[in-house]
Structure formats: C-alpha cells, structure tokens
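Positions are given from 1, in the same order as the sequence printed here.
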Amino acid sequence: MKSVLPTLPSAPESLVMEMEPGLRKGNVGLPSHWFLIHAVIIVVSILTVLRNYDLIPDQLPVHFDGSFTVDRYADKSYSIVFIPTIMQVLGTLLFIFEYWSIRRGKKQLREDETYRRAWSDFMITACFLFVILLSVVQLNMMSLLNINFVAPVVLSIIAFTILYACTLTYWAGQRDSR
C-alpha cells in the first residue's frame, strides 16, 4: 500500500472531510431518562391487566378485518393477554439500543450533531407512541375501550410516526447526506 498510495490521484477538495477537535465530547438530544415515562406506562399496563384479568372475556379479539370487525378470537390466557406488554418491552429495548447507538457513535462533522439530535429525539418520541399504541390495543383486547375509539387512535399514531420519520429523513438526512 505504501508504494501504491503515491500513485493514486488525490481527492478533490470538496470531498475531503476534516474532523473538528472536541466534537466527540458531549451528547446531543434529549437525555435518556425520558425512557422512564415509557417504563411507567408499561408498568401501568401490566397492573391494569392483572387488576382486570377476571373481567376479561373468555374469548379475546385478536384480529380485525378492513372494516374493523373482529374476524378472529383467541381463548383468554396470560400469554395472550400479555403479548402487547411483551411487545412493549422488546420494542422499548430496541428503541433504547438505537437511541444509544445514535448518541454514542463517532462524531465527525458539525452537521452530524443536527442529525444526532433530530434522530435521538425521534427515537424517544416514536418509542412513546409505540408504547401508547400497544397499550390502546391491550385495553381494546380487554374490552375496556370501544373499537370506534381505538381504530382512529391506532391509525393516527401510525400515520404520525411515518410522517415524522419521512419529514425527518428529508430535513436531517441520513448521516453524511440528505
């Protein structure tokens, strides 16, 4: 490589990146203790299920068709009732890992700080919406919420999260490019 390197053409000036000193120090975005709100919601979901388990019907709706009418039921069991809670926990752990990866990665450019702040804030917000979405689904499974309330809430959360991600991708880009 030492003998080949001098024969290679040099990169144009616009492609050369300089690392700013001190850029690696400090974190950007919302602090990680915001994930405690998610944990509280998950604990409340668990307590709600345990408290209302006797009130849960023997047949739980687990699938809806395009017009939001139930087309599949499952027998009541702890495993069925706690599926949304398990998904909340696993999803939150995944969001925390992504949040941590974004915040702790190697910083190179000043613009990278904008990217990191925007996407770490998105991870906290999207995780919160994900936890709320599954809580609403779980409350619907227990017949504590009406499907006429649940369907618009679920669709709104999904639409908002997708629009937020698309807008953020356009505005903040993905690392080195927009």
Side-chain angles (χ1 to χ4, degrees), residues 14-15 17 19-20 23-46 48-49 61-72 81-142 144-178:
S14 62
L15 296 178
M17 296 189 319
M19 185 158 171
E20 296 183 31
L23 195 59
R24 192 170 167 106
K25 297 177 184 173
N27 291 318
V28 295
L30 295 172
S32 59
H33 68 265
W34 280 93
F35 283 105
L36 293 175
I37 295 170
H38 306 71
V40 168
I41 294 171
I42 292 170
V43 168
V44 168
S45 293
I46 292 169
T48 302
V49 169
V62 292
H63 194 266
F64 297 87
D65 63 9
S67 61
F68 298 107
T69 56
V70 179
D71 63 357
R72 194 172 341 144
V81 173
F82 279 110
I83 283 176
T85 305
I86 293 167
M87 290 173 57
Q88 284 175 324
V89 170
L90 295 176
T92 300
L93 291 174
L94 180 65
F95 276 106
I96 289 171
F97 175 75
E98 286 296 322
Y99 170 85
W100 177 81
S101 297
I102 289 169
R103 287 182 52 129
R104 302 285 183 211
K106 184 177 177 184
K107 299 177 192 174
Q108 294 179 346
L109 301 170
R110 181 63 60 197
E111 293 81 27
D112 197 34
E113 189 172 321
T114 302
Y115 162 86
R116 289 169 179 280
R117 178 173 289 115
W119 282 104
S120 65
D121 293 350
F122 172 79
M123 288 299 155
I124 291 173
T125 306
C127 184
F128 176 76
L129 292 173
F130 176 74
V131 168
I132 293 295
L133 173 91
L134 289 171
S135 293
V136 167
V137 168
Q138 190 170 40
L139 291 173
N140 179 60
M141 282 176 58
M142 296 184 298
L144 295 176
L145 292 178
N146 188 338
I147 189 64
N148 294 329
F149 172 77
V150 171
V153 169
V154 167
L155 294 175
S156 298
I157 289 174
I158 292 169
F160 178 78
T161 305
I162 291 170
L163 287 173
Y164 186 12
C166 291
T167 304
L168 203 54
T169 300
Y170 176 76
W171 177 74
Q174 297 178 355
R175 287 286 180 172
D176 296 331
S177 67
R178 290 191 162 189

*Do Ile37 and Ile41 have side chains that get closer than 4.5 Å, going by heavy atoms?*
yes
*asked:* Just verifying a value: how many Å separate Tyr99 OH and Phe122 CZ, rounded to the nearest 0.5 Å?
replied: 14.5 Å
_CG on Leu163 to CD1 on Ile158, rounded to 0.5 Å_ = 12.0 Å
Just distance, no hydrogens or angles: give the donor-acceptor pairs under 3.5 Å from side chains in residues 125-142, sequence neighbours left out.
from, atom 1, to, atom 2, distance (Å)
Thr125, OG1, Asp121, O, 3.0
Ser135, OG, Ser45, OG, 3.0
Ser135, OG, Gln88, NE2, 2.8
Ser135, OG, Val131, O, 3.0
Gln138, OE1, Thr85, OG1, 3.3
Gln138, NE2, Val81, O, 2.8
Gln138, NE2, Thr85, OG1, 2.9

*asked:* Just verifying a value: how many Å separate Ile86 CD1 and Ile42 CD1, rounded to the nearest 0.5 Å?
replied: 11.5 Å
*When rounded to the nearest 0.5 angstrom, what is the spacing between CE in Met123 and CZ in Phe35?*
8.5 Å
*For the residue pair Val89 and Leu93, establish whether any side-chain heavy-atom pair is separated by less than 4.5 Å.*
yes
*How many angstroms lie between CD1 in Ile162 and CZ in Phe160, if you round to the nearest 0.5 Å?*
12.0 Å
_Straight-line distance of Leu94 CG to Leu90 CG, nearest 0.5 Å_ = 9.0 Å
_Shortest non-hydrogen contact from Trp119 toward Ile102_ = CB-CD1, 3.8 Å
